[in-house]
Amino acid sequence: QVQLVESGGGLVQPGESLRLSCAASGSIFRINAMGWYRQAPGKQRELVAATTSSGSTNYADSVKGRFTISRDNAKKTLYLQMSSLEPEDTAVYYCNAEIWSALGYGNYWGQGTQVTVSS
């Protein structure tokens with residue numbers, strides 16, 4: 001089965017940085033678009049950043065200039081470098097990917113990793 005596993009979350013103070021990773025595993029032929037979503041308590045899940053297989057990126061206005069999404073196709077890993085973190089960034093961050101695998105084409109989600117920004 002295809003799995004996405006996030007890591008790197010934790011508790012940081014405002015202004016600090018954090019780097020999230022999402023590792024894909026399974027009988028994967030190709031990973032197309034990938035993205036990071038987040039969900040804060042009482043809020044809807046929202047797109048934070050996304051990247052295509054060719055490297056094109058887009059960001060939510062709230063994180064533009066502070067977050068950087070990147071991917072290592074050889075390692076089948078997605079990253080989110082988060083800088084100048086704010087309390088408003090507190091949420092569970094989820095990795096999402098469109099993947100061609102032995103099972104066909106599908107959309108997959110990771111289990112999420114908690115990011116807490118507090119003084």
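Sequence positions, counted from 1, serve as the residue numbers for this chain.
- Closest heavy-atom contact between Q114 and A91: NE2-O, 3.4 Å.
- The distance from the CG atom of L80 to the CD1 atom of I69 is 6.5 Å, given to the nearest 0.5 Å.
- Of all the heavy atoms in Y108 and N96, the pair that sits closest is O-ND2, 3.0 Å.
- Taken together through direct or relayed side-chain contacts under 4.5 Å among Ile, Leu, Val, Met, Phe, Trp and Tyr, I99 and Y105 form parts of separate hydrophobic clusters.
- A donor-acceptor contact closer than 3.5 angstrom is absent between the side chains of E6 and Y94.
- At a threshold of 4.5 Å between non-hydrogen side-chain atoms, the residues S83 and R19 do not count as touching.
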Could you go through the ring pair (Phe, Tyr, Trp, His ring centres under 6.0 Å) check for W36 and F67 one step at a time? CA-CA 11 Å; W36 287 99; F67 291 10; over 10 Å; no

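- What you find for A24 and L4 is that their closest heavy atoms are CB-CD2, 3.5 Å.
- A pairwise comparison of heavy atoms in T52 and R71 identifies O-NH1, 3.0 Å as the closest pair.
- Inter-residue side-chain proximity for S17 and M82 is flagged as unmet; no heavy-atom pair is nearer than 4.5 Å.
- A heavy-atom distance below 4.5 Å is not found between the side chains of P87 and S118.
- In this structure, V63 is a member of the same hydrophobic cluster as L85, with clusters built from ILVMFWY side-chain heavy atoms closer than 4.5 Å.
- Here the CE-OG distance, from M34 to S53, works out to 11.0 Å after rounding to the nearest 0.5 Å.
- Residues E88 and T90 bring no donor and acceptor atom of their side chains to less than 3.5 Å of each other.
- Listed here is the closest heavy atom pair of D72 and Y79: CB-CE1, 4.0 Å.
- Expressed to the nearest 0.5 Å, how far CZ of R45 lies from OH of Y93 amounts to 13.0 Å.
- Nearest heavy atom pair, residue C95 against residue L78, reads SG-CD2, 3.9 Å.
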Using the rule given for side chain to side chain contact (heavy atoms under 4.5 Å, CB included), can you reason through V92 versus T113, listing the C-alpha separation, both sets of side-chain angles and the distance that settles it, and then say yes or no?
CA-CA 5 Å; V92 176; T113 185; over 6 Å; no

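- Residues V5 and Q111 meet the side-chain proximity criterion, which asks for heavy atoms closer than 4.5 Å.
- For S101 (side chain) and I28 (main-chain N/O), no donor-acceptor pair under 3.5 Å exists by modelled atom type.
- Under the side-chain contact (heavy atoms from CB on, under 4.5 Å) test applied with Y59, the options T68, L47, T51 reduce to a single match, T68.
- Using a 4.5 Å cut-off between side-chain heavy atoms of Ile, Leu, Val, Met, Phe, Trp and Tyr, with links allowed through other members, V48 and V115 fall into the same hydrophobic cluster.
- Between I31 atom CD1 and C22 atom SG the span is 8.0 Å, to the nearest 0.5 Å.
- From E86, atom CD reaches atom CD of E16 across 13.5 Å, with rounding to the nearest 0.5 Å.
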